[in-house]
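Working notes, beginning with the structure itself.
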Amino acid sequence: MVFNIKSINSELILLIIMGELNVAVIIKLEPDFSEGNVSYNPDGTLNRVETKNTLGPHSAIAAHAAFYAKVMYDAKVSIGTMGPPMADLALQQAQQISDAEELHLYSDRLFAGADTLGTAEVLKTGIEKMQGKMDIVFSGHRASDGETGQTGPQTGWKLGFTFLGNVISYNVDLKTRMIRAKRLISLQGVPDVIEEVEAPLPVFISIDPTYKSSFDTVSQRLSFQKYQKEATGRAENYKEYFKVFDAQQLGVDKTLVGLPGSPTIVYKVEKVPKSTATRQAEIVDGSNHEQIKKVVARMKEALSAMVIK
Amino acid sequence: MEKYDVAIIGGGSAGLAALKQLSNLGKQAILLEAGTKIGAKNISGGILYSKKPNNGRVINVEEIYENFLNDAPFERKITKYILHSTSKDKVYSMDLTAAHDYQSNFGCTVLLNKLNSWFAKQAVESSQKLGGGIIPGVHVHSITWNEQKGTSIIQTDELEEFEVKAIIAADGVNSEVADMVGARPKFTPTQLYQGVKVIIKLPEDEINKRFGIGVDEGAAHLFAGDVTLNHIGGGFLYTNRETLSVGAVYHFDSLLSNPTEPYNLIDALLKNPMVSEFIKDQVPVKGEINKGLPQEEQLRIRFAVAKLIKNWNEIRGAYLSSSGRERLINSGKYKTVEDIQTALLSTQDQMSKTYGVTFGTDYVEMEYGAKLVPDGKRCRMKKPFFKNILFIGDAAGRGVFVGPRIEGLNVGIDDGVRAANAIARALDKDDFSEKYLGEYYSQLVEESPYTIDMKQIDKDYLKIFLDAAKDVPRDIIGSRYGPILKMMSSGTLRGIAIKFANILGYERLLPIIESEDTYVKVPMRLAERLGTSVSSSYSPSIPSIADRIAKLNYNDDHKSHIKVLNSNSEFMKEMVTLCPAKCYSEEGEKVVIQHEGCLDCGTCSQETEWRHPRGEKGIHYQYG
């Protein structure tokens, strides 16, 4: 490539000296538990056929964290997920958030029945197939439909990356290739302690549910707007960035994925009994004025107990 | 500290035009908008004009945005402009289309949330290439100067401070910039109008039929007479594509001297039989649910009915609109228009047969909003600058309001371009002194035909208006008008009358023109004497103010952005009545903020400290 030296701005020169940043996000397609979209069977279990699917809320936070790297360090973002063919929906939603340039779906019958370890093996192999050597891999804190929170840490372990959990903010020094991250932990029983750690890249970050990107300068906000627009454009044509891998294409060890690769033995499934309500509820049918008056009287009574001024 | 050439504060139509023009001229600018997104805090009565004045030149929207006419999401081009005088059930109508067409290329109805988003999209593309752009969700709280360099330092609640060479203040009628730097005092009640507006849903085909207009046509109806409840001002009804904008705009001092709740002024308009008939639509009425049924079954029915009504509304809205039908067929969901009709009828059938839903007549209100409008004749800034800050549009108190001539958006856009041109010139010479930048901008604004219209009555325009009123018996006009208007209603004497009007001057004419006689008494007499009787087949069920406020979107936190300065002043006592959102109540002798369903209109700003504590806070209009 021939560069016209004059046209290269200082940022680009810095980038060339310091090297680029590659980040990946692993996400999950989950049932949409929001109102109007979730459906239950008569026995109280989730009706997976009727319930719509969406990008998991924690996965979305991980995608936001990756977008932070895009805005701040012009990082290249890749996203991977293991799931059925329809999980492309989650990839598209995550691309809309993170402006990813590469979307991977690992989909094969062989992967079915995987526990977290079997899933981590697929994801690890997939991440290694992404373009560029990964510097940071993000995962959500947990899934909303099976909340063990193990897939992320296990993927990080399999990749051999330093693992940072409960991260609420981070910054990267591109020159020294170090990351500084704040983690929300509980220390000796004291909750909400913020610990600041430093680690050399590459790292695996499991993002805390309270994570929120903050962009504090005009130039960061301008980049944010620019890449957000770019993301919308890309997500509209997400198929251009989208690749599906089956077990063979991925080249995974078949004994380490799916049911064979999953040491978890489901010994017994118990239905969690409904807890009995401790509060006394009174049902008021709001069909007429008298009934409503009753409700208002009760609300006034409750409010008068609270001092508002 | 980061450095940029220009900062534009406020992302309304005027600020966006300034950004677009600066980008067109190859100049870097950033625009800061306090709302969550562009358009969120913008509201207007609803007509954007493109003008061609006989003397001088204005810069129109389609010149700034070349693809405006083909691409922009404006609503309808107005082809009918009618003034109605009302008294009870009597209405006398005058066709003012000629006045509307006067020196104009077109006037189109707009909903600002949608339109300003589109403007932003056009402006941002070119500004990004120059290292600029739009930043929403940021609230400017102070501006200081580096006197040596002549630059400004802008501090916001969200971002690290940064430096700019020039600033365009486009932050509206309640400009916080003007207040914080002391560029001008707050506008007083005599300089302002208060406007309230509701958006009413009505299918496109129904609008075409009811107002006798084609797909690419639109109607504007103005109202004076008893609907004003004795205030100086009037009501309006504009046709949008699939909604109507219905509003009431009154002189603020007229409201202060005869306080009436703003929503009651809108309601008076909605209850006028002619307006009631204009806005009516078919609405589903839920059937009674059998109380004998088990609770769960009652609940199931309630949900099922709600879902069916939602479906019905969606299909009907699409079926009764040209673009909706096209959209449904293109989506592959339906093959033909008949298929859509079948689906609509079967939903309707299911609603009535299974759940006892009946179909009645009422109107459907979508959004309530309010805004102050600066009366350019009385409050335009004579020198719309302060140091290196240029004020444009509402922030500079600019707008042309003469009788049925109601123009604000186009004035702001024109100002924005003039400010951008002045700044581009200053950037080229790297001189941002008041003399080189401010005075030059002031001169550009002074040359604007809009400014001329703010200074004197346009005689040709008056002629058109008087021609429309030629059938009005002279004795109705009344003695208070003095000889001028009487003379003007006679063709032969008009020439003399206009000369006489010129001698009197604008200041002395205004109290005669803008009086209770003009807006209330004469129209009422007209309606009573010459009007035809209009009756309405139903009475609209108008939502309470609490319901209207509950329907709006707010981004709120615990910190109030309003501080009452003097809780027992006469002015604040009137606010209990005049706040469009009923935010205030009187407790004992003191006026206190009761809740914060604030519409950001600024009605109370005269005697309150009224500053947002951060960006993104407050009202977020869906239509605007």
Side-chain angles (χ1 to χ4, degrees), chain A residues 7-12 34-40 42 44 50 52 64 67-68 70-72 74 96 99 171 212-233 236 281-292 295-296 299 303 306-309, chain B residues 1-7 11 28-33 37-38 117 120-121 123-125 127-138 140 153-164 286 288-296 298-299 302-303 306-307 310 558 587 592 594-595 615:
Chain A
S7 74
I8 300 176
N9 61 28
S10 55
E11 277 169 48
L12 191 59
S34 63
E35 207 183 321
N37 289 325
V38 65
S39 209
Y40 293 99
E50 284 282 310
K52 287 182 188 161
H64 278 290
F67 188 55
Y68 179 75
K70 172 90 200 175
V71 173
M72 299 293 285
D74 207 12
Q96 167 74 66
D99 193 25
N171 279 301
K212 208 165 181 293
S213 303
S214 104
F215 302 105
D216 303 329
T217 67
V218 171
S219 55
Q220 287 166 18
R221 291 285 179 111
L222 289 174
S223 305
F224 175 85
Q225 295 293 333
K226 190 175 101 192
Y227 289 131
Q228 201 176 48
K229 205 174 103 192
E230 187 177 84
T232 305
E236 272 168 21
E282 184 188 341
I283 296 173
V284 180
D285 162 26
S287 58
N288 62 49
H289 256 277
E290 287 309 305
Q291 303 273 23
I292 295 288
V295 177
V296 173
M299 282 168 75
L303 283 171
M306 293 150 63
V307 185
I308 327 170
K309 267 282 143 105
Chain B
M1 203 188 311
E2 290 190 358
K3 293 184 178 69
Y4 295 88
D5 283 347
V6 188
Q28 179 199 59
I30 52 169
L31 184 149
L32 306 171
E33 160 62 31
K37 65 181 264 296
I38 291 287
S117 303
K121 217 174 128 197
V124 89
E125 232 147 74
S127 75
Q128 271 177 354
K129 287 179 197 140
L130 300 157
I134 296 176
I135 309 174
V138 172
V140 173
I153 294 136
I154 296 183
Q155 288 180 324
T156 67
D157 295 302
E158 287 77 17
L159 306 175
E160 288 171 18
E161 60 181 30
F162 58 96
E163 193 182 286
V164 295
K286 290 175 194 167
E288 283 282 317
I289 297 175
N290 180 359
K291 292 280 176 307
L293 291 170
Q295 291 275 353
E296 284 79 9
Q298 287 188 37
L299 208 63
R302 215 165 287 169
F303 279 129
K307 199 169 176 183
K310 195 175 157 229
H558 299 298
E587 279 180 22
V592 293
Q594 192 184 23
H595 71 99

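The figures that follow rest on heavy atoms only: side chains count, while hydrogens, waters and symmetry mates do not.
Of the two parts of B:K291, only the side chain, counted from C-beta on, holds a non-hydrogen atom closer than 4.5 Å to a non-hydrogen atom of chain A. Residue contact with chain A, scored on non-hydrogen atoms closer than 4.5 Å, is absent for B:E288. Of the two parts of B:I289, neither the backbone nor the side chain holds a non-hydrogen atom closer than 4.5 Å to a non-hydrogen atom of chain A. Of the atoms belonging to B:E158, heavy atoms from both backbone and side chain fall under 4.5 Å from chain A.
Annotation: the span from A:R221 atom CZ to B:I134 atom CD1 amounts to 14.0 Å, rounded to 0.5 Å. Between atom CG of residue B:L159 and atom CD of residue A:Q220 there is a gap of 8.5 Å, rounded to the nearest 0.5 Å. B:I30 contributes atom CD1, which lies 6.5 Å from atom CG of A:L222 (distance to the nearest 0.5 angstrom).
Every residue two or more places apart in sequence or in another chain that forms a side-chain contact (heavy atoms from CB on, under 4.5 Å) with A:T232 is listed here: A:Q96, A:E236.
Contacts of residues 212-219 of chain A with chain B at a heavy-atom distance below 4.5 Å involve A:F215, A:D216, A:T217, A:V218, A:S219, listed in sequence order.
Counting non-hydrogen atoms of other residues, nucleotides and ligands closer than 6.0 Å to NZ of B:K37 gives a total above 12.
Listed here is the closest heavy atom pair of B:P136 and A:Q225: CD-NE2, 2.9 Å.
When side chains are defined from C-beta on, B:V124 counts as touching A:K229, because their heavy atoms get closer than 4.5 Å.
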